[in-house]
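To keep things clear, I will list the structure first and then write my remarks on it.
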Amino acid sequence: MVGALNTYVTPSGFWNPILWLIAFLISLLLAYIIWSRGEKSYKKETEQVKPFFAGNVIESKERAHVRAHNIYWGFVEALRPYYMALKRIHTGDVNDYVAWFIGVTSFMLIIYFLWGVKP
Amino acid sequence: MMYVLLALYIIAAPFIVGALGILYGMVLKGIDRKLTARMQGRVGPPLRQPFYDVLKLLEKECIIPENAVKWLFNAAPLIALAASITTLLYLPIGPFPPLFSGNGDLIVILYLLEVPCLAILAGGFAAGSPYSTVGSQREMVLMISCEFPLAAAIIALAWKYSSIYPGLKAFSLTTFVNNPIWNNVGVLGFIGVGILLIVMLALSTSGLGRLPFDIAEAGTEISGGMLVEYTGRNLGILYINDAVRVVVFATLINAMFFPYKLSPLIANYVALPLAASLTIDFLFYLFKVFLIAFVTVTLMRVAFPRYRVDDVVKFYWGIAGLATLAALILIVMDTFFGW
Amino acid sequence: MSWEEIISEYKPVKQRPRRIWVNVPKEEVYDVIRKLREAGFEHLSAISVTDWLNEGVFEVTYHLWSYSIKTLLTVKTKIPRDDPVIKSVVPIYGMSAWIHERELHEMFGVVFEGNPDLSPLFLEDWDGPPPFRKDFNWRDYVREKFYSKERERDKAYWEVWLK
Amino acid sequence: MVETEKKVMARKLGRLVRAVWIFNWFNSCGCTELLPVVSSRYDMERFGLIIVDNPKHADCLIITGYQTIKSIKRVVRIYNQMPDPKVVMALGSCPITGGMYWDSYNTIKRLSDYIPVHMYVPGCPPRPEAVFQAVGLLVEHVRKLKEEVSRK
């Protein structure tokens with residue numbers, strides 16, 4: 001059992017997963033102790049369990065679901081010039097992408113042969 | 001026999017650190033609310049108010065919404081609080097080294113800082129209410145945007161240590177504490193580390209979800225965001241978790257940037273027994289944590305309105321990101337050219 | 001076809017430098033408004049109805065504003081009170097007209113043909129006659145609906161009313 | 001009330017009173033008149049009262065201003081969604097007796113016909129001090145309840 005308790009050491013960092021797990025479970029126990037002192041009951045089938053929708057009624061579970069299509073609005077809005085440039089590059093036909101692929105790899109190869117670390 | 005002691009130590013450690021985190025976190029929350037009120041010309045609640053809040057929340061009914069995933073909905077606050085307390089185990093508390101000093105480094109802390117956000121986010125999605133889903137989506141964007149500068153700042157400092165002290169472990173907090181960063185950087189490095197400090201302070205405001213960046217629990221817009229469906233004791237645990245995270249972030253910044261002790265200064269005037277110097281250092285640590293929490297939470301809360309989602313991303317990926325890269329370049333120039 | 005010619009045949013009345021009223025018969029009001037829209041009156045600021053009880057007529061007024069011409073043109077038309085039906089202007093002005101017509105339908109009972117959805121706007125599950133009509137006696141309505149004779153606390157109201 | 005139930009209620013209300021979280025249903029006169037209660041001159045936070053943004057976090061539902069037939073449906077739903085030890089405070093004369101809209105066809109006359117109201121604060125508009133006096137009465141009531149329970 002003790003063998004598992006040794007810490008994994010790497011040149012820059014070290015970590016002991018088993019100890020971490022034990023500590024996490026014990027803190028979970030501490031949190032559970034505080035949690036269990038609270039009130040458990042609630043009125044099950046009444047209006048109380050309906051999701052909060054500013055007083056209105058949500059007809060069905062599907063209506064309560066919010067699609068995530070605009071989740072990245074924040075990013076697109078903030079980095080608009082970058083995304084616009086990206087959009088221009090993505091023309092959609094494959095040979096453009098293949099051309100990009102060949103171009104980049106050849107560029108990398110040239111750099112590698114000039115200054116690359118010899119094996 | 002040794003294993004019994006070890007086992008006892010492992011079991012007792014989370015309780016000690018948990019007690020410290022929860023009690024001091026709540027006291028800090030009380031002070032924060034009182035200072036915010038005083039800064040707005042109000043009288044403000046008594047300092048014991050957070051304790052009253054939690055006691056009341058534990059008495060309320062704990063509603064589980066109808067289309068919620070029951071087990072995840074209840075487990076999320078517990079996991080969040082457990083992760084926050086576990087993070088404290090790896091952080092140096094004042095004069096004492098971290099309780100698990102040999103077993104976890106900055107990378108573990110970096111991940112443990114994210115686990116509470118992820119847990120509450122999963123709880124928000126599990127609640128199945130439109131407001132909490134939108135709140136969780138916003139929290140995802142917030143987490144993604146502030147991961148990049150946080151990781152960059154920590155790696156910049158760790159790289160600095162690895163280049164100055166090749167023998168020591170770069171990512172271990174004990175190296176951070178034993179040789180403070182400000183002493184062994186040149187002029188450029190000093191500016192770089194200063195920038196990193198400001199970025200870390202800004203990050204802790206968004207990590208705690210406090211006012212300029214509380215888009216995930218935006219009160220007026222999505223009425224409570226991820227925490228909409230939480231009531232009663234679940235909300236109480238989230239309240240405590242929020243308090244503990246203030247202590248966690250402040251201790252991390254204190255360990256990384258201000259690991260100084262008060263007792264050596266006093267020691268050369270009056271001889272100090274070990275116990276006295278330890279208590280002085282511990283009180284000095286508590287004061288530093290209060291100062292950091294005051295700057296990151298209270299000042300920001302009083303001075304700034306809430307940002308929009310894209311402003312937050314623009315700030316963290318734009319300004320904070322570039323600042324961290326600039327700081328990294330300054331530190332690199334400092335180590336290589338020794339200016 | 002400038003807007004002056006469109007309304008010239010209906011004897012426009014110039015109230016003030018930028019206020020012009022014109023009375024248009026019920027049949028031609030839809031075409032006049034459509035032509036005015038093309039002539040530059042893009043903004044439908046309001047539709048209102050006045051209830052002339054003794055003449056037995058509803059007067060529907062369209063308040064049109066133009067950003068370029070900078071004039072408020074009020075097109076008025078009369079419809080009979082007993083079967084108040086008129087062609088809806090939603091195809092011309094879209095949603096702004098829809099909201100106004102929905103409210104007028106609820107408050108006066110005017111039927112707008114061609115309006116996509118005339119559901120009640122303010123008065124949910126309203127059982128009385130349209131309340132803005134002049135012949136609607138709202139005191140009696142309130143008395144029946146909210147105050148009952150038997151209840152102890154409502155006695156004071158009834159004494160006031162019966163006196 | 002059974003003895004233990006009263007003791008439980010006394011304990012719950014005792015804790016609720018020190019940290020009342022308010023969900024405000026301010027419309028018409030409430031919104032303009034009740035803002036000083038929150039602002040720095042009267043500052044309700046010194047009693048531990050804060051305004052919360054949804055009914056599931058709240059203990060006290062403050063309703064001010066007249067309620068139309070359309071809005072009272074929402075009020076009833078909001079009231080049902082609040083977790084249990086909850087208090088309803090009707091502010092201003094409109095929720096109490098219909099106020100100046102007593103003979104209007106679209107407003108409801110008495111709030112207590114639709115949801116149980118625990119505290120009435122008269123006034124058109126009600127003064128901020130009246131709100132604090134109402135909370136004070138709630139504290140008074142709870143203190144009496146606790147004394148009665150402890151005496152038994």
Heavy atoms only: give me the nearest Pro17(A)-Trp15(A) pair and the separation to one decimal.
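Closest heavy-atom pair between Pro17(A) and Trp15(A): CD-O, 3.6 Å.
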Show me the pairs that pass side chain to side chain donor-acceptor pair (under 3.5 Å) and involve residues 17-26 of chain A, at least two apart or across chains.
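Every candidate side chain to side chain donor-acceptor pair (under 3.5 Å) pair involving residues 17-26 of chain A fails, so no pair, neighbours aside, qualifies.
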Is there a side-chain contact between [X] and [Y], using heavy atoms and a 4.5 Å cut-off?
X        : Y        : answer
Phe75(A) : Tyr83(A) : yes
Val75(D) : Ile63(D) : yes
Tyr79(D) : Lys86(D) : yes

Write out, in numerical order, the residues from residues 37-48 of chain A with a heavy atom short of 4.5 Å from a heavy atom in chain D.
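Residues Glu39(A), Lys43(A), Glu47(A), Gln48(A) are the ones that qualify, each having a heavy atom under 4.5 Å from chain D.
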OH (Tyr82(A)) with more than 12 external heavy atoms under 6.0 Å:
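At most 12 heavy atoms, drawn from other residues, nucleotides or ligands, come within 6.0 Å of this atom.
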Is it the case that atom CZ in Phe23(D) sees more than 12 heavy atoms from other parts of the structure closer than 6.0 Å?
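Buried by this count: over 12 neighbours within 6.0 Å.
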Tell me if a side-chain donor or acceptor on Ser71(D) pairs with a main-chain N or O of Gln67(D) at a distance below 3.5 Å.
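No, the answer is negative, given that no donor and acceptor are paired below the 3.5 Å cut-off.
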Report yes or no: does Lys12(D) contribute a side-chain atom to a donor-acceptor pair with the main-chain N or O of Ala10(D) at less than 3.5 Å?
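No; zero donor-acceptor contacts below 3.5 Å.
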With no hydrogens and no angle check, just 3.5 Å: does a side-chain donor-acceptor pair link Thr4(D) and Lys6(D)?
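No - no donor-acceptor pair under 3.5 Å links their side chains.
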Thr91(A) versus Asp96(A), side-chain donor and acceptor atoms under 3.5 Å:
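The answer is yes; a qualifying pair exists.
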What residues of residues 116-147 of chain D make heavy-atom contacts with chain A at a cutoff under 4.5 angstrom?
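Under the 4.5 Å heavy-atom cut-off, nothing qualifies.
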Anything in residues 47-62 of chain D with a heavy-atom distance to chain A below 4.5 Å? Please list those residues in order.
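The list, in residue order, reads Asn54(D), Pro55(D), Lys56(D).
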Centroid-centroid under 6.0 Å between Trp35(A) and Tyr32(A) rings
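Yes - the distance between ring centres of Trp35(A) and Tyr32(A) falls below the 6.0 Å cut-off.
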Start with the C-alpha gap between Trp25(D) and Thr64(D), add the side-chain angles, then the distance that decides, and say whether side chain to side chain contact (heavy atoms under 4.5 Å, CB included) holds.
CA-CA 7 Å; Trp25(D) 189 264; Thr64(D) 53; over 6 Å; no
